[in-house]
Amino acid sequence: MKNLTPYLLSALRLVAAFVYAAHGTQKLFGVPGHPFHAPVFAMTMMGAAGVIETIGGILMFLGLFTRPVAFVVSGQMAVAYFTQHAPKGFWPIANGGELAVLFCFIWLFFCAAGPGPISLDALRRRA
């Protein structure tokens with residue numbers, strides 16, 4: 001099982017990044033799903049979040065510049081939580097902030113752990 005750990009790290013990064021990027025594209029373009037927020041104006045907090053989530057999610061999916069990107073997107077999720085969710089109450093389950101908390105700590109984990117072996121960063125290291 002220990003031999004699988006690095007690959008499961010990459011799998012977690014891939015799945016989390018796919019979902020994270022989908023939140024960004026939904027904000028910017030209304031895809032996938034219904035246009036919940038889209039289109040948002042670029043000079044709004046929601047627009048900035050959409051851009052960070054889309055670009056950050058793609059970079060995390062590719063495993064490119066993983067540690068610095070993970071730091072930025074973790075911070076973005078912390079800001080999202082404390083500005084949008086925490087004012088509605090203490091408990092994330094009650095204030096709708098569960099995803100923001102989870103994404104914040106998942107990205108913080110990748111900032112420390114790196115992308116795993118299935119990534120462009122790992123490919124660049126081997127070259």
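What's counted below: heavy atoms across the whole structure, side chains too, no hydrogens, waters or symmetry copies.
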Do [X] and [Y] sit in one hydrophobic cluster, given that two such residues count as connected whenever their side-chain heavy atoms are within less than 4.5 Å of each other, even indirectly?
X	Y	value
Ile55	Val73	yes
Leu28	Met77	yes
Phe71	Val69	no
Phe82	Met46	no
Tyr81	Trp91	no

Contact summary for Pro32 and Ala22, nearest pair of heavy atoms: CD-O, 3.8 Å
Applying side-chain contact (heavy atoms from CB on, under 4.5 Å), run through Arg124 and Leu64 and close with a yes or a no. CA-CA 9 Å; Arg124 288 178 35 214; Leu64 184 61; 3.5 Å; yes
Taking the side chain from Asn95 and the backbone from Lys88, do they hold a donor-acceptor pair closer than 3.5 Å? no
How many angstroms lie between [atom1] in [X] and [atom2] in [Y], if you round to the nearest 0.5 Å?
X	Y	atom1	atom2	value
Thr25	Ile58	OG1	CD1	8.5 Å
Ile52	His23	CD1	NE2	15.0 Å
Leu4	Leu9	CG	CG	12.5 Å
Leu14	Leu8	CG	CG	11.5 Å

Thr66 vs Met60 side-chain heavy atoms within contact, under 4.5 Å: yes
Identify every side-chain donor-acceptor pair in residues 96-120 under 3.5 Å, counting partners at least two apart or on other chains, and give the distances.
{"residue": "Ser119", "atom": "OG", "partner": "Gly116", "partner atom": "O", "Å": "3.1"}
{"residue": "Ser119", "atom": "OG", "partner": "Ala122", "partner atom": "N", "Å": "3.0"}

I need the full list of salt bridge (charged side-chain N to carboxylate O under 4.0 Å, His left out) pairs touching residues 49-58, with sequence neighbours left out, sorted by first then second residue. Lys27-Glu53
